[in-house]
Amino acid sequence: MRHITLIILTFFIATIASAKCASSGIYCLSKSTTLNKNGLIILEFYASSQSLIPDLNKKYPIYLKSSNGKVQLNIIETLKGEMSLTQIILKPASELKADGIYTLQIDNLPKYERKPERYNSLSNKREELTFKISNSVDIDLPILTSTPTEQKKTLVYYGCGPESWVYFTIAGQDKSELFVRANVKNKATGKVTTYILDIENGFVKVGHGMCSGAFHFDNGDNFEVSFQLFDQSGNTSSLTKALAFTKPTKDTNDE
């Protein structure tokens with residue numbers, strides 16, 4: 001009976017997940033509505049939206065707009081994921097005004113594209129990506145307060161493909177919103193992929209979902225990862241030692 005219930009549950013989860021596998025999308029990594037005067041913005045482009053990146057600030061101007069005018073956003077780094085994702089790190093071309101309210105704009109987008117938005121849990125609506133600029137300039141380096149360790153692996157097979165994750169514990173301190181810069185090396189091929197990840201409830205998830213992800217775990221079983229804390233102003237902690245790990249191979253639905 002338990003096995004049948006799991007099959008039914010997996011079917012419904014797969015159906016819901018399939019509905020979320022859109023063909024495009026642009027998202028902001030930051031959940032904060034405040035940006036330091038030297039703050040950066042990280043955007044993630046999914047699937048067909050990745051093709052827009054080379055034409056940003058050419059065919060598609062990208063900027064912050066306020067009541068005082070526009071501030072162009074320049075791409076200072078591009079990070080290519082291994083499964084339908086690419087990140088860009090954006091820096092304002094000129095100083096942002098303290099206490100100013102700025103909204104992110106991308107002009108001339110194709111009709112199928114929507115500019116990145118933020119979900120407002122109070123209104124239950126999606127809203128324009130708007131930031132209030134603080135009066136502070138953050139140049140302090142984030143502090144890693146514990147040594148990252150592998151916690152668990154998960155592997156779930158859905159209708160369109162597997163979801164495969166390795167969870168690592170991580171903790172740090174900083175005055176700005178914190179992310180993790182992960183460097184994953186495939187020990188069979190020597191390929192190194194770098195991507196910026198969220199910290200979720202004290203964990204950083206290395207791997208991919210059913211439709212997309214930073215790390216694919218193809219062409220080999222053995223990998224290693226090193227981490228740096230990365231804050232919203234671009235400050236980084238020291239790089240951790242490389243941690244060896246193997247990709248998930250056991251279907252966790254069977255447990």
Side-chain angles (χ1 to χ4, degrees), residues 27-44 73 75-82 85-92 96 98 104 116 118-119 121 129 131-154 163-186 192-209 212-215 217 223-248:
Y27 309 96
C28 182
L29 212 61
S30 176
K31 297 177 179 63
S32 175
T33 57
T34 301
L35 196 65
N36 292 323
K37 289 183 73 174
N38 64 330
L40 305 174
I41 296 173
I42 306 170
L43 294 184
E44 188 168 70
L73 291 169
I75 301 173
I76 60 172
E77 188 173 13
T78 300
L79 300 172
K80 177 70 175 175
E82 294 184 316
L85 288 180
T86 301
Q87 287 176 337
I88 58 171
I89 303 176
L90 297 159
K91 181 178 181 179
L96 302 176
L104 188 140
R118 180 182 289 116
Y119 178 72
S121 58
L129 202 61
F131 299 93
K132 181 174 182 179
I133 309 307
S134 75
N135 198 31
S136 64
V137 174
D138 182 7
I139 58 173
D140 295 336
L141 303 183
I143 299 172
L144 198 66
T145 56
S146 66
T147 302
T149 57
E150 183 182 330
Q151 184 67 21
K152 66 176 180 178
K153 294 181 174 74
T154 60
E163 179 180 275
S164 180
W165 301 106
V166 182
Y167 288 67
F168 294 87
T169 59
I170 197 161
Q173 293 179 349
D174 193 73
K175 64 175 67 173
S176 299
E177 187 176 13
L178 273 177
F179 309 101
V180 175
R181 191 179 178 97
N183 308 284
V184 173
K185 180 179 181 180
N186 184 320
V192 177
T193 301
T194 300
Y195 210 76
I196 296 173
L197 306 174
D198 285 316
I199 300 174
E200 304 176 40
N201 300 316
F203 294 98
V204 59
K205 293 164 57 179
V206 173
H208 63 87
S212 63
F215 308 106
F217 301 147
F223 299 82
E224 62 182 33
V225 61
S226 57
F227 298 110
Q228 276 181 302
L229 294 177
F230 181 97
D231 72 18
Q232 198 185 31
S233 293
N235 304 303
T236 58
S237 68
S238 56
L239 189 67
T240 67
K241 291 182 179 180
L243 301 172
F245 70 95
T246 57
K247 71 178 183 182

With a cut-off of 3.5 Å and sequence neighbours excluded, list every side-chain donor-acceptor pair involving residues 196-205.
none

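Here the closest heavy-atom approach between residue G39 and residue P92 is recorded as O-CD, 3.5 Å. Shortest non-hydrogen contact noted between W165 and P248 is O-CG, 3.5 Å. Between V166 and K153, the closest heavy-atom pair is CG2-CG, 4.1 Å. Taking every heavy atom of both residues into account, Q228 and L239 meet most closely at CG-CD1, 3.5 Å. Between N36 and S233 the shortest heavy-atom distance is ND2-OG, 3.1 Å. Taking all atoms of both residues into account, the shortest heavy-atom contact from P142 to L178 is CB-CD2, 3.8 Å.
Taking 4.5 Å as the limit, some side-chain heavy atom of I76 sits within range of a side-chain heavy atom of L40. Side chains of S164 and T154 form no contact here, defined as non-hydrogen atoms less than 4.5 Å apart. Looking at T194 and R181, their side chains come closer than 4.5 Å, going by heavy atoms from C-beta outward. Using a 4.5 Å heavy-atom cutoff, the side chains of P116 and L129 are in contact. Within the 4.5 Å cutoff, side-chain heavy atoms of Q87 are placed close to those of Y195. The shortest distance between side-chain heavy atoms of N38 and D138 falls below 4.5 Å. Residues T78 and T86 have side chains in contact (heavy-atom distance under 4.5 Å, counting atoms from C-beta outward). Between I42 and L90, every side-chain heavy-atom pair lies at or beyond the 4.5 Å cut-off.
Looking at Q232 and S32, their side chains never bring a donor and an acceptor atom within 3.5 Å of each other. A side-chain N or O of S134 and one of S136 form a donor-acceptor pair less than 3.5 Å apart.
Open room surrounds NZ on K185; 12 or fewer heavy atoms of other groups in view lie less than 6.0 Å from it. Atom NZ of K132 has 12 or fewer heavy atoms from other residues, nucleotides or ligands within 6.0 Å.
From L104, atom CG reaches atom CG of L73 across 6.0 Å, with rounding to the nearest 0.5 Å. Atom-to-atom distance recorded for Y167:OH and T149:OG1 is 14.5 Å, nearest 0.5 angstrom. Between the OG1 atom of T193 and the CZ atom of F223 there is a distance of 9.5 Å, given to the nearest 0.5 Å. Atom OG1 in T246 sits 6.5 Å away from atom CD in E150 (nearest 0.5 Å). Taking OG from S176 and CG from L229, the interatomic distance works out to 12.0 Å, rounded to the nearest 0.5 Å. For the atom pair C28 SG and L43 CG, the distance stands at 5.5 Å (nearest 0.5 Å).
Legend: residues meeting salt bridge (Lys or Arg N to Asp or Glu O under 4.0 Å) with E82, ordered by chain and number and at least two apart, are K191.
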Checklist line | Verdict with supporting geometry, L85 and L79, side-chain contact (heavy atoms from CB on, under 4.5 Å) | finding: CA-CA 9 Å; L85 288 180; L79 300 172; over 6 Å; no
Notebook entry, point to check: What's the verdict on side-chain contact (heavy atoms from CB on, under 4.5 Å) for E177 and D231, showing C-alpha distance, side-chain angles and the deciding distance?
Noted result: CA-CA 6 Å; E177 187 176 13; D231 72 18; over 6 Å; no
Item checked: Verdict with reasoning, V206 to F168, per side-chain contact (heavy atoms from CB on, under 4.5 Å) -> CA-CA 8 Å; V206 173; F168 294 87; 3.9 Å; yes
Note to self: Please evaluate residues S30 and F179 with respect to the criterion side-chain contact (heavy atoms from CB on, under 4.5 Å), reporting the C-alpha separation (whole Å), side-chain torsions for both, the decisive distance (0.1 Å), and the verdict.
What the structure shows: CA-CA 9 Å; S30 176; F179 309 101; 4.3 Å; yes
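Relative ring orientation between F217 and F245 is described as perpendicular, the plane-to-plane angle rising above 60° on a 0-90° scale split at 30° and 60°.
Here E77 does not pair with K91 in a salt bridge; the nearest charged N to carboxylate O distance is not below 4.0 Å.
Although no hydrogens or angles enter the test, the distance criterion places no donor-acceptor pair under 3.5 Å between the side chain of S226 and the main chain of K241.
Annotation: cation-pi pair R118/F131 present, NZ/CZ under 6.0 Å from the ring centroid and within 45° of its normal.
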